[in-house]
Amino acid sequence: MTSIDQHPKKTDDVRRPGRWIALAVLVLAVLLVAVDATVLGLATPFLSEDLAPTGNQLLWIGDVYSFVIAGLLVSMGSLGDRIGRKKLLLIGATAFGAVSVLNAYATTPEMMIVARALLGVAGATLMPSTLALIRNLFHDPRERSLAIGIWGAMASAGAAVGPVVGGFLLEHFWWGSVFLINLPVMAVLVVVGVKLIPESKNPAPGPWDMLSVGLSLVGMIGIVYAIKETASHGLGWGPGVAAVLGAVALAWFVRRQLHLPAPLLDMRLFHHRGFSGAVLADLLTILGLSGLVFFLSQFLQLVQGRGPLEAGLAELPAAIGAVTAGLLAGFAARRFSVRSVVAGGLAAVGLALGTVTLLDQHTGYPLLGSMLLVVGVGAGFSFTVTADVILSSVPQEQAGSASAVSETAYELGAALGIALLGSIVTGVYRGFPTPDGIPGGVESAAHESLGGAVEAAATLPTAQAGPLISAAQEAFVDGMRSAAGVGSAVLLAAAVAAWFLLRGQKLEDGVEYP
């Protein structure tokens, strides 16, 4: 590797002027997606009251966004490599803002599910584009590590800003307002991004293979749907057919990529042990976390009785820990080792999730806040370093495809986490015994969701409402404890896997020249 002193002119070219301003614009897109994902959890009780979704519809509202993104990310990452990552980013941001309006004014659970799916289509264009553009803006590996750390930190900040801003909006406006906050962010991104973000794409990308796009979409959605339905309702013909269809589509997709001269996704990337290990770490981390996070806002509001704004502020320690760890992750990985930082971060998250099994309705905030802080620190270290490893493992022209693989692991993990861990919560919750004398219609509504139980109890006399809500809250906490135990085991297993798969992996040093 060539040193900076030997090639000062080349170094000036590598360190592009305005790159940090361009980075600031890129992280707006990350904030856009992160804020949208986190405000939904806070809005769920209000959405449940207004739209009256069933428990299964509520899960679909939560995870269809991630399902669609998981199915389209690889295709969109490859499309960005071909038509230009900046162009795709700006198109996606515009669409994301427009579809947010549809989410805000949804009037039925079915309309909300469709709107969330369309938001997933738009969201699939944003995340691969941002990471790929960072890869092309920052060629100095140390600067790139810091830029990725800022990218990850802003994603975590979005996770914090979402609940706080969302909580404020929910206390003053209707639930649809949490989606409309996307509009000003989108406007700034598009207006500033047009002038400041440089375009980049693969100079010789080859054609965009539509059959591969279809196979990727059918395969990912088929597999995730099968897992979700099996977790919720047990084995059946529907999930079985979906699983077979998804597996066949993915196998065909892989085979096709290996034979295409210009594949949608270069499967040879997975021959790199560090790349594969980083992708697996991302997937298992999010799987362990997402189901818990989806229900944590409901726990804070509907079980502990906090207002939306207070619940949002209560989740801040996770974001503070992630922001701090993200900014220090590159230094830590070079000072110690990639595998120790990633495995240590995953283990910290797993142990912290284990403490959730000790929570009850009256648990004080110090324990909950400390758990969230440790979760944030561990996730910040792990995500930042794995993103750096993934981007550093590929040639510059394949940055979009590599970023898409990273984001696919993230979104697939989120979908699977909500499906599997969320189904554990729902399964345990639905079995709770209702007090005597509760009318059948109220009992049925109470068993659909905790929000449904609170709403149904409002129609009962106080003597009946209190015991019903207490029983529902206790069942919800039991389900969350069970899900947290499974999530903890997944994270600890991921830590062990990362320790072996990332053996000998190092972050780049010095200045890299394309």
Side-chain angles (χ1 to χ4, degrees), residues 25-53 57-73 76 86-130 154-155 157-159 161-194 294 297 308-309 312 411 414-415 451:
V25 177
L26 288 176
V27 299
L28 283 175
V30 180
L31 286 168
L32 197 73
V33 177
V35 165
D36 180 79
T38 53
V39 296
L40 183 66
L42 280 175
T44 295
F46 300 87
L47 188 149
S48 298
E49 181 181 343
D50 198 9
L51 302 184
Q57 285 175 329
L58 196 60
L59 282 178
W60 272 108
I61 290 170
D63 59 24
V64 71
Y65 173 73
S66 294
F67 283 7
V68 174
I69 286 185
L72 286 175
L73 271 170
M76 292 300 181
K86 172 183 174 179
K87 183 184 297 182
L88 186 64
L89 177 72
L90 297 179
I91 292 171
T94 303
F96 199 90
V99 178
S100 293
V101 177
L102 183 62
N103 279 260
Y105 292 99
T107 55
T108 65
E110 293 81 7
M111 182 178 175
M112 188 68 186
I113 292 169
V114 171
R116 292 288 291 167
L118 292 174
L119 202 64
V121 176
T125 67
L126 298 178
M127 299 302 280
S129 299
T130 59
M154 289 304 101
V161 170
V164 175
V165 174
F168 174 81
L169 292 172
L170 289 168
E171 289 191 355
H172 294 87
F173 306 100
W174 101 113
W175 59 265
S177 63
V178 301
F179 294 104
L180 297 182
I181 61 174
N182 293 335
L183 296 179
V185 179
M186 176 275 293
V188 172
L189 170 62
V190 172
V191 171
V192 180
V194 166
F294 183 71
S297 292
L309 181 58
E411 295 298 340

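In this text, all values refer to a predicted model and were calculated from it rather than measured experimentally. Each residue takes its place number in the sequence, starting with 1.
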Non-hydrogen atoms of Asn182 and Ser100 that approach each other most closely:
ND2-OG, 2.7 Å
Where do Met76 and Val121 come nearest, in terms of heavy atoms and distance?
CE-O, 4.4 Å
The single option from Phe179, Phe46, Tyr105 that satisfies ring-ring contact (aromatic ring centres under 6.0 Å, His included) with Trp174 is Tyr105
Among Ile61, Val114, Leu119, Leu118, find the one that has a side chain to side chain contact (heavy atoms under 4.5 Å, CB included) with Asn103.
Leu119
For the student: nearest non-hydrogen atoms of Ala106 and Met112, plus distance
CB-SD, 3.7 Å
Would a 4.5 Å heavy-atom cut-off, applied to side chains only, mark Leu51 and Trp175 as touching?
yes
Rounding to 0.5 Å, atoms CG (Leu90) and OG1 (Thr125) come to a distance of 9.5 Å
Closest heavy-atom contact between Val190 and Ala93?
CG2-CB, 4.1 Å
Between Arg116 and Val68, does a side chain to side chain contact (heavy atoms under 4.5 Å, CB included) hold up when you go through it step by step?
CA-CA 9 Å; Arg116 292 288 291 167; Val68 174; over 6 Å; no
For Gly92 versus Ala122, what's the shortest heavy-atom pair and its separation?
O-CB, 4.0 Å
Ile113 and Gln57: which non-hydrogen atoms are nearest, and at how many Å?
CD1-O, 4.1 Å
Would you check if Leu89 and Leu126 make a side-chain contact, meaning some heavy-atom pair closer than 4.5 Å?
yes
